[in-house]
Amino acid sequence: MIQPPVLDEKRNDKNLTTSSTLPARFGVIGAGFIAGVHGLAAQAVPDQFTIVAASDANPAAAAAAAETYGWANSYSSVGEMIQAEELDGVIISTWPSTHPELIEQCIAGGVGLVLCEKPLVLTGEQALRVWDLAAASGTTVIEAFMYRHHPAIAKIEQIIASGRLGQIDHVRASFTYFNKSMVGTKVDPNDPNRPWRYRADQGGGALYDIGTYAVNASTHFAGGVPTRVAAFGRAKNEYGTSDKIMGLIDYDNEVVGLLESSEVSDTNQEIQISGQYGTLHLPAAWNIYDATTITVRSSIAHDYRDQSRAFQTISDTFAVPASNAFKDQLLNVANVVQGSAQPRVSLAETVINTITMEALAVSLNEREEVDVQIPERVATAFRQSQQLSA
Ligand SMILES: NC(=O)c1ccc[n+]([C@@H]2O[C@H](COP(=O)([O-])OP(=O)(O)OC[C@H]3O[C@@H](n4cnc5c(N)ncnc54)[C@H](O)[C@@H]3O)[C@@H](O)[C@H]2O)c1
């Protein structure tokens, strides 16, 4: 049962106005690995985005990150940081299971923009609560799918919009890597303080850690609302997490999504989008370190002039320059704070992603096909946000 939002009387409503000055001023919550990646990205765009403070349940981690990345202040309390600093927003970079409470605390505290690491939350109920709280408060909440800000993704959107692929038929998205800490010399499954990736209660496991990217890309490029899923893989390993999930997602526009996610198979980060006139391929979608190339492969006979050559193909290539997607993400966030851009990743997409992942997890556990129930208000907002980004 979703409760109505309770807003803190001491909330800092000045943060809810759009900023008139750059750089946008942000505080980090959770000063671990990915906070450092955001710290480096912010250093690349100092005129647009600056991190001024960090808070962490472990004060030593906050102080160490502040020292390393040149952030002015560090805190052990999120509330204290929000009250003390004049922030345009925060970056939440803690373990997934902590996100719902922290997002709620930030909204209640009057934070204007919350950029929260993936997965934003772990259940559909939590996602809808964030949706309702954000709508009631005016806080912008963005899931930090950094890959969506890379120019390769904008190029794919252009190629699709140009009609080069024709009607999209299916989307295959993969995120696999071989986690050697799960086999051989490994993290102890009986250690109660083992890292979050090895704990189901903190949001570990292939689906929520890495598969979430593939589900997001599948839905974004399918351009439809998911209606049902079926998943196969390993529901539980010795950490109590699922380290392998392969899924099918059926969309309301008859596009089918194919998800591949595994922590025990070598690295694969491909997106493949197949339409009536061709198949688009991006070799690595989530972590793009260098310049890359998108390929569109088509049958010579795709316009039906020469069916005898239906199985011979030709390729077009599209060069994409190198770019740091984390930096590009911060630039989008700075523009959203300024009121000059929409978030690249809408909250509607996040709600859909979360409900779809929950259905995939149920399908894997229960060994059955599962219906995906997206509330109409969310589906409508998703369709609108897809049109805006087209
Ligand atoms: N976008 C990416 O490429 C990427 C890569 C890695 C991790 N992530 C995401 O970033 C998040 C963090 O992962 P990480 O690997 O950086 O974790 P981490 O363990 O390195 O750091 C998390 C930090 O959060 C702190 N913390 C935990 N609970 C807290 C709370 N309630 N309040 C304040 N501080 C708290 C911990 O003390 C720790 O310092 C996860 O959601 C993960 O999925 C994203």
Side-chain angles (χ1 to χ4, degrees), residues 27-42 53-69 71 74-82 90-106 109 111 114-122 126 141-150 153 175 177 179 181 187 191 193-217 241 261 263 267 269 284-289 324-330 332-333 344-345 350 353-354 357:
V28 163
I29 301 173
F33 166 74
I34 201 64
V37 177
H38 292 299
L40 290 175
S55 69
D56 196 296
N58 171 3
E67 167 85 22
T68 304
Y69 301 104
W71 304 334
S74 66
Y75 299 84
S76 57
S77 150
V78 173
E80 217 179 291
M81 179 177 80
I82 293 170
V90 297
I91 303 176
I92 297 180
S93 45
T94 56
W95 306 312
S97 59
T98 64
H99 296 171
E101 197 179 324
L102 289 169
I103 294 170
E104 201 157 324
Q105 185 179 357
C106 291
V111 174
V114 175
L115 177 67
C116 178
E117 269 303 334
K118 39 58 62 176
L120 191 99
V121 292
L122 299 172
Q126 290 168 346
V141 180
I142 306 173
E143 188 168 17
F145 279 126
M146 76 300 182
Y147 85 96
R148 288 281 299 278
H149 303 266
H150 194 281
I153 301 302
F175 197 156
Y177 79 112
N179 183 344
S181 303
V187 170
D191 176 0
N193 296 317
R194 62 192 185 274
W196 69 268
R197 279 204 168 79
Y198 308 87
R199 298 177 58 155
D201 63 336
Q202 290 190 339
L207 178 62
Y208 286 95
D209 188 18
I210 54 178
T212 184
Y213 288 97
V215 175
N216 176 268
T241 62
S261 181
E263 298 172 317
T267 293
Q269 300 201 5
W286 330 118
N287 295 286
I288 307 178
Y289 296 110
N324 175 348
F326 287 94
K327 176 208 70 178
D328 298 337
Q329 174 172 254
L330 297 187
N332 175 241
V333 166
R344 271 313 269 171
V345 181
T350 290
N353 222 53
T354 314
M357 288 199 295

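Values below: every heavy atom of this structure, side chains too, minus hydrogens, waters and symmetry copies. Each ligand, and each atom within it, is numbered from 1 in the order the structure gives.
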Subject >> Flag side-chain contact, heavy atom, 4.5 Å: P119 against T354 >> reply: no
Original post:
For D56 and ligand 1, does the shortest N/O to N/O distance drop below 3.5 Å?
Top reply: yes
Subject >> Under-4.0 Å heavy-atom contact with ligand 1, by part of T94 that carries it >> reply: both
Subject >> Which segment of W286 sits under 4.0 Å of ligand 1 when only heavy atoms are counted >> reply: neither
**OP:** If you have a sec, work out which protein heavy atom is nearest atom 21 (O) of ligand 1 and how many Å separate them, to one decimal?
**Re:** G32 CA, 3.3 Å
Original post:
Is there side-chain contact between I103 and L120, with at least one heavy-atom pair below 4.5 Å?
Top reply: yes
Original post:
Less than 4.5 Å apart, any side-chain heavy atom of W196 and any of T94?
Top reply: no
Original post:
Are side-chain heavy atoms of I29 and M81 found at a separation under 4.5 Å?
Top reply: yes
Original post:
For atom 41 (O) of ligand 1, what's the nearest protein heavy atom and its distance?
Top reply: K118 O, 2.9 Å
Subject >> Side-chain touch T212/N216, heavy atoms, less than 4.5 angstrom >> reply: no
Subject >> Option whose closest heavy atom lies nearest to atom 9 (C) of ligand 1, chosen from Q202, H99, M146, E117 >> reply: E117
Original post:
Which protein heavy atom lies closest to atom 5 (C) of ligand 1, and at what distance to 0.1 Å?
Top reply: I34 CD1, 3.3 Å
Original post:
Looking only at heavy atoms of Y213, does any of them come nearer than 4.0 Å to an atom of ligand 1?
Top reply: yes
Subject >> Heteroatom proximity flag, W95 to ligand 1, N/O under 3.5 Å >> reply: yes
Original post:
Which atom pair, heavy atoms only, marks the closest approach of W286 to M146?
Top reply: O-CE, 3.2 Å
Original post:
For T98, is at least one N or O under 3.5 Å away from an N or O on ligand 1?
Top reply: no
Original post:
Side chains of H38 and E117: do they bring a donor and an acceptor to under 3.5 Å?
Top reply: yes
**OP:** Evaluate the ring planes of Y213 and F175, with Trp represented by its six-membered ring, and classify them as parallel (under 30°), tilted (30 to 60°) or perpendicular (over 60°).
**Re:** tilted
Subject >> Atoms of ligand 1, numbered as shown, that sit under 4.0 Å from any heavy atom of F326 >> reply: 1 (N), 2 (C), 3 (O)
**OP:** Considering heavy atoms of the protein only, find what lies nearest to atom 33 (C) of ligand 1 and give residue, atom and distance to 0.1 Å.
**Re:** A57 N, 3.2 Å
Original post:
Do any nitrogen or oxygen atoms of F33 lie less than 3.5 angstrom from nitrogen or oxygen atoms of ligand 1?
Top reply: yes
**OP:** Hey, could you give me the CD1/CD1 distance between I92 and I34, rounded to the nearest 0.5 Å?
**Re:** 14.5 Å
**OP:** Answer with yes or no whether R197 contacts ligand 1, where contact means a heavy atom under 4.0 Å from a ligand atom.
**Re:** yes
**OP:** Verify, without hydrogens or angle tests, whether D56 (side chain) and A61 (backbone) share a donor-acceptor contact under 3.5 angstrom.
**Re:** no
**OP:** Just need the protein heavy atom nearest to atom 17 (O) of ligand 1, so name the residue and atom and give the distance.
**Re:** W196 NE1, 3.3 Å
Subject >> Shortest reach to atom 24 (O) of ligand 1 by a heavy atom, considering only A144, G30, A35, G204 >> reply: G30
Original post:
If you count the atoms of ligand 1 from 1 in the order shown, which ones are under 4.0 Å from a heavy atom of S93?
Top reply: 12 (C), 22 (C)
Original post:
So do the side chains of Y198 and T241 get within less than 4.5 Å of each other, counting heavy atoms only?
Top reply: no
